[in-house]
Amino acid sequence: MPFDFTVIARNLDYLLWGRTASGEIGGLLLTVAMAVESGIIALVLGIALALVAWRWSGWVRRILLALADLVRGVPLIFVIFWIYFLIPALFGSSVPNSRSVVIALAWFSSAAVLYSTLSGLLAIPRGQYEAGIASGLGPGRVLWSILLPQAIRNLIPSFIGLFVSLIKDTSLAFIVNVPELTYVSSQVNNRTQVYPTEIFLFAGVVYYLLCEGLTLAANSLASASRRTGKTAAKSR
Amino acid sequence: MIRFEGVSRKFGEVLAVDGLDLEVFDRELCVLVGPSGSGKSTVLRMVNRLVEPSEGLVFVDGREVGSLKVETLRLGIGYVIQGVGLFPHLTVAANVAVVPELLGWPKGRIARRVGDMLELVGLDPGRYGRRFPFELSGGEAQRVGVARALASDPPILLMDEPFSAVDPVNRLRLQTEFLAIQRTLRKTVVFVTHDVDEAIRLADRVAVLKSGRLIQYDVPETLLERPNSPFIADFVGADRALKRLSRFTVRDWMQPTAGTTDAAIAVDLDASLRDALSTMLGSRARTIRVHDRDHRPAGEIGLQDIERAAECGTR
């Protein structure tokens, strides 16, 4: 059976932008927007929680890690369902579905960001903290201007990895009718009926190019920073 | 200046410091030396409250350290550690500027001070200021550590094995340079090392510790001549007469006359008498040439000069 890829060309606008022109963002654009939005929230929230967990190492850290474990121990799709049903219950039904998915993704990813940032902070040699406080800096100041900048530099590859997973995970928004790339692909498929292979192959390739492109960019960034050798491990 | 009164510190069941009474005198360089596990680092770290005593009191300038705001206390105390002391994400200049910036000095004053400090430790500010720590050799990094600790001109300096990670040749050079700096600045210094030679070479006064207890606290000459116990005698070693010679420099005991000595057999003006003796023994010459840094002849030194120094008790 011959493939007919003209179906992609005929629906390309819809696959890429959905109904963005008429005010309802969709397609690949919505996929990217959701990933970026939830990525930023997860990054800020995860780092903030890691700072708190680092600073108060007793029961505060234990509670935060227990919550993170709870989030990580449940399939993402359940978190999406929870938020999807919880948000309307709390705020009425005016919240768009894409919003609740962004919240679910951000919540889920912030747990991962919390874990890697905390371990990044703990991996910095103890002497760095001591040199900081012995210079008269307060613990918060040492954390913010000595430990965090070093940890972030080492964590960039793992953050990129998390972001790549995040892009792929946006496809789960399909389940709550958010018109991102996967959902519009299946709409096009339902409409045209006979081109499922072409359509889903295209969607898969788009995801792949997006993620692989990001990974390549991140790797070249990482090797550039390796060339300048600025890693905490080499510190004196 | 710094006083320990009945200070003990327990880590779990281990008594790291046991009933320490010690006074570090104003503007003196006090070296804490002892085998590993003797508690010397713990003693040092109780001065700037990186460690709190389990019992007893520590005074700085007559004030109990626990009664001071910890950041205020630490701003008045420079701290040099071996290994990871420098901040790898900051340039050399920014590392040195950490404390002045914390004190809110104006930018121009900080920049001048950073330049002065780097020059003081023998690094060209133009060449080194913008480098990152990973671009420095071990000796250079350690110099920057000293510059950073001195940047705000604190009256007290704590140094925890600062030269241990450096190769022997560079260690000797760092020691000589640091002694010269200390002769000018006259800080109250507490210096921790496990190296007896380093202790004897640098100290105004040496405190020998063992299992958390202070065994002997004396000027190096007394420690070498009259060890108060078999432990000290053993610790300073059978070569203690030679160690004493390491406290004298050729400069102070040489003859400024230009003799007929062989120019190929020579020692530096700033070398110790121990090095001079070693050179004599190695070359079988009773008198050898002394030259200055630029290898110009400065005089000569003979075995009789070394004997004279050995008989004289103090430098």
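As the structure is a prediction and not an experimental result, all values here were calculated from the model.
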Closest contact, heavy atoms only, [X] versus [Y]:
{"X": "L50(B)", "Y": "A134(A)", "value": "CD1-CB, 4.5 Å"}
{"X": "A131(A)", "Y": "G85(B)", "value": "CB-O, 3.4 Å"}
{"X": "H89(B)", "Y": "S145(A)", "value": "NE2-O, 2.9 Å"}

[X] atom [atom1], neighbour heavy-atom count above 12 within 6.0 Å:
{"X": "R130(B)", "atom1": "CZ", "result": "no"}
{"X": "R186(B)", "atom1": "CZ", "result": "yes"}
{"X": "Y208(A)", "atom1": "OH", "result": "no"}
{"X": "E55(B)", "atom1": "CD", "result": "no"}
{"X": "F78(A)", "atom1": "CZ", "result": "no"}

How long is the gap from [atom1] on [X] to [atom2] on [Y], to the nearest 0.5 Å?
{"X": "I124(A)", "Y": "F87(B)", "atom1": "CD1", "atom2": "CZ", "answer": "11.0 Å"}
{"X": "Q128(A)", "Y": "I81(B)", "atom1": "CD", "atom2": "CD1", "answer": "8.0 Å"}
{"X": "Q150(A)", "Y": "L90(B)", "atom1": "CD", "atom2": "CG", "answer": "8.0 Å"}

Donor-acceptor under 3.5 Å (E71(B) side chain, S135(A) main chain): no

May I ask you to test the [X]-[Y] pair for a side-chain heavy-atom distance under 4.5 Å?
{"X": "P88(B)", "Y": "R153(A)", "answer": "no"}
{"X": "L137(A)", "Y": "V98(B)", "answer": "yes"}
{"X": "L102(B)", "Y": "R141(A)", "answer": "yes"}

Where on R45(B) is there a heavy atom nearer than 4.5 Å to chain A: the side chain, the backbone, both, or neither?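 The answer is the side chain of R45(B).
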
Contacting region of I77(B) [heavy-atom separation from chain A under 4.5 Å]: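 It is the backbone, since no side chain atom gets that close.
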
